[in-house]
There are 2 protein chains.
Amino acid sequence: MASGRKKSFDENTALNAAMAVFWQKGYVGATLMDLTTRMGINKPSMYSAFGNKEALFVKATQCYIDTKMTPHMELLFEEGVAFKQRLKNHMMSIVSMQCAPEHAKGCYLALCQSELVSGDIPEQAEQILKEADLMPSKLYTELFKNDAEAIALGLNKNAEANGLSIYTLLKGTASMARSGIDKSQLEYSIDSIIAGISIH
Amino acid sequence: MASGRKKSFDENTALNAAMAVFWQKGYVGATLMDLTTRMGINKPSMYSAFGNKEALFVKATQCYIDTKMTPHMELLFEEGVAFKQRLKNHMMSIVSMQCAPEHAKGCYLALCQSELVSGDIPEQAEQILKEADLMPSKLYTELFKNDAEAIALGLNKNAEANGLSIYTLLKGTASMARSGIDKSQLEYSIDSIIAGISIH
DNA sequence: CTCAAATCATACCAGTCGGTACAATTAACA
DNA sequence: TGTTAATTGTACCGACTGGTATGATTTGAG
C-alpha cells in the first residue's frame with residue numbers, strides 16, 4: 001500500500017499557533033488568512049488536518065484548557081499548603097499568565113466568551129466555551145464546600161458566593177491585563193483582597 | 001433658497017440603536033447590515049448622517065460615556081453620603097446596568113477595549129477607547145487621594161492601588177454579567193468585598 | 001407652481017470572507 | 001522503478017464586507 005507525501009508541518013505546533021491567534025483576535029476576528037499565516041501552512045492543509053475554522057477553534061480551545069488552564073487548577077489542591085496560600089498561588093499563577101509577553105494579554109476564554117452574546121458563534125464553538133465557563137465556578141464552589149481547612153474556617157457556608165467572588169476577580173484581572181496593566185499592580189490587588197478574605 | 005426633503009429618522013434615536021449593536025457585537029463584529037437594520041435606515045442615510053462606520057462608532061461610544069457611564073460616576077461624589085456607601089452605590093449601579101435586560105449584558109467599553117489587542121481597530125476608535133479606559137482609573141485614584149473621609153480612613157496611602165482594585169472588580173462583574181450570571185450574585189460579591197475593605 | 005436642495009432607495013464597486021476543485025508534488029511500498 | 005496514496009500550491013467559488021454613484025422622491029422657498 002503506497003502511502004504518500006509526508007506532512008511538512010507538526011500538527012501540535014500549528015495548533016498552538018492557532019491558539020495564539022484566537023487568543024489575540026477571538027473567534028470572529030481571526031480570519032483564515034491570520035490563522036494559516038501564523039500556522040505556517042495554507043488553507044487546504046488546514047482543512048485536511050483540522051476540518052474547518054470551527055473545528056480548529058474547538059481543538060485550539062481544548063488545547064488551551066488542557067495546557068494553560070488545568071495547571072493553575074492543580075495549585076488549588078496542592079498538599080501541605082494552607083488554604084489561603086493555595087488560593088493565592090492559584091490566582092497569582094493565573095495573573096502571571098494573563099500578563100505574560102509570549103502571547104496576547106488577558107484570558108483566551110474570557111475573550112471568546114464575550115463574543116457569544118453576538119449570536120455569530122457556531123454551535124460547537126459555543127458549547128465548549130459555555131462548558132469551559134462553568135467549570136471554574138463548579139470547581140471553586142466544591143473547593144469551598146469540601147476542603148477541610150475551608151470548612152474549619154467556616155468558608156463552606158457561602159461556598160457558591162465565595163467561589164463566584166474568586167472567579168469575578170480573576171475575570172477582572174483578565175480584562176485589566178488585556179488593557180495592558182502591569183502584572184505587579186494586579187498582584188497587589190489580589191494580595192489586598194485575599195488578605196481581607198473574611199470572605200463572608 | 002429651496003431646502004429639501006425632511007430627514008425621516010431621528011439622529012439620536014438612530015445613534016442609540018447603533019450603540020446597542022456595538023454593545024452586543026463589538027466594533028469588528030458589528031456589520032453595516034446589523035447597524036443600519038437596527039437603526040431603521042439604509043446605508044447612504046447612515047453615511048450622510050454619521051460619516052462612516054468608524055465615525056459612527058466614535059459617536060456611539062461618546063454617547064455611551066455621556067449617558068451610561070457618567071451618571072454612575074456622579075454617585076461617587078454625592079454629598080451627605082458616607083464614603084463606603086458612595087462606593088457601594090456606585091458599584092451597585094454599574095452592576096445593575098451590566099445585568100439589565102434592555103440591552104446586551106456586560107460593559108460596552110470593556111467589550112470593545114478587548115478588541116484593541118487584535119490590531120484591527122482604526123485609529124480614532126482606538127483613541128477614544130483608550131481614553132475611556134484611563135478615565136475611571138484616574139477618577140478612583142483621585143477619589144481615594146482627595147476625599148476627606150478616605151483620608152481619615154487612611155485609604156489615601158494606597159490611592160492608586162485601591163482605585164485599581166475597584167476597577168478590576170467592576171471589570172470582573174462586567175465579564176461575569178456578559179456570561180449571563182444573575183445580578184443578585186454579583187451584588188453579593190460586591191457586598192462581601194466592600195465589607196472587607198480594609199482595603200490596605 | 002416652479003425650481004433647487006436635501007434625503008431616499010436601488011444597485012453597484014472592489015476587496016475579503018470561509019471553503020474547495022484540481023493538478024502538481026512528494027514519498028513509501030511492491 | 002513504477003505505482004499509488006497523501007499533501008501541497010494555485011486558482012477559484014458564492015456570499016458578504018465597508019463604502020458609493022445615481023436617479024427617483026420629497027420638501028421648502030421664491
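Each chain gets a letter, A, B and so on, in the order the sequences are listed, and its residues count up from 1.
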Practice prompt. Just jot down the side chain to side chain donor-acceptor pair (under 3.5 Å) partners of B:K157, sequence neighbours excluded, or say none.
Written response: none
Discussion item. Once you apply a heavy-atom cut-off of 4.0 Å, does A:S8 come out as touching a base, just sugar-phosphate, or nothing?
Written reply: sugar-phosphate
Worksheet entry | For B:F57, ring pair (Phe, Tyr, Trp, His ring centres under 6.0 Å) partners two or more places apart | B:F22, B:Y27
Fill in: Sequence-distant partners of B:N89, side chain to side chain donor-acceptor pair (under 3.5 Å), two or more places apart
B:Q85
Worksheet item: Between B:K6 and D:dG28, is there a side-chain N or O to OP1/OP2 distance below 4.0 Å?
Response: yes
Discussion item. Rounded to whole Å, how long is the line connecting atom CZ of A:R5 with atom C1' of C:dA27?
Written reply: 9 Å
Worksheet item: Does B:N42 place a side-chain N or O at less than 4.0 Å from the phosphate oxygens OP1/OP2 of C:dA9?
Response: yes
Worksheet item: Which of these passes salt bridge (Lys or Arg N to Asp or Glu O under 4.0 Å) with B:R86: B:E78, B:E149, B:E79?
Response: B:E149
Item to complete: Return the set of residues passing side chain to side chain donor-acceptor pair (under 3.5 Å) with B:S118 (not counting sequence neighbours), or none when no residue passes.
Response: none
Worksheet item: Using a cut-off of 4.0 Å between protein heavy atoms and nucleotide atoms, how would you tag nucleotides 13-19 of chain C 5' to 3' with B, S and -?
Response: ----SBB
Worksheet entry | Neighbours of DNA chain C within residues 10-19 of chain A, by heavy-atom distance under 4.0 Å | none
Worksheet item: Does any pair with a residue in residues 67-76 of chain A pass side-chain hydrogen bond (donor to acceptor under 3.5 Å, both in side chains), and if so which ones, sequence neighbours excluded?
Response: A:H72-A:S93
Item to complete: Enumerate the residues from residues 118-130 of chain A whose closest heavy atom to DNA chain D is under 4.0 Å, giving them by residue number; use none for an empty result.
Response: none
Can you list, pair by pair, the side-chain donor-acceptor contacts under 3.5 Å of residues 13-21 of chain B, counting residues two or more places apart and other chains?
residue : atom : partner : partner atom : Å
B:T13   : OG1  : B:D10   : OD2          : 2.7
B:N16   : ND2  : B:N12   : O            : 3.0
B:N16   : ND2  : B:N12   : OD1          : 3.2

Fill in: Non-neighbouring partners of B:E142 that pass side chain to side chain contact (heavy atoms under 4.5 Å, CB included), sequence neighbours left out
B:N146
Worksheet item: Can you find a side chain N or O atom of B:S45 that sits less than 4.0 Å from OP1 or OP2 on C:dC8?
Response: yes
Worksheet item: Which whole-number value in Å describes the distance from A:K7 NZ to D:dT8 C1'?
Response: 12 Å
Worksheet item: What do the steps show when you test B:M97 against B:H103 for side-chain contact (heavy atoms from CB on, under 4.5 Å), and what is the final call?
Response: CA-CA 9 Å; B:M97 182 189 74; B:H103 43 66; 4.0 Å; yes
Only pairs under 3.5 Å count here: list side-chain donor-acceptor contacts from residues 170-181 of chain A, not counting sequence neighbours, and write none if there are none.
residue : atom : partner : partner atom : Å
A:K171  : NZ   : A:Q113  : OE1          : 3.2
A:K171  : NZ   : A:D133  : OD1          : 2.9
A:T173  : OG1  : A:Q98   : OE1          : 2.8
A:T173  : OG1  : A:L170  : O            : 2.8
A:R178  : NE   : B:S114  : O            : 2.7
A:R178  : NH1  : A:W23   : O            : 3.2
A:R178  : NH1  : A:K105  : O            : 3.0
A:R178  : NH2  : A:Q24   : O            : 2.7
A:R178  : NH2  : B:S114  : O            : 3.0
A:S179  : OG   : B:D133  : OD2          : 2.9

Worksheet item: In chain order, what residues pass the side chain to side chain donor-acceptor pair (under 3.5 Å) check against A:Y140, with sequence neighbours excluded?
Response: A:H90
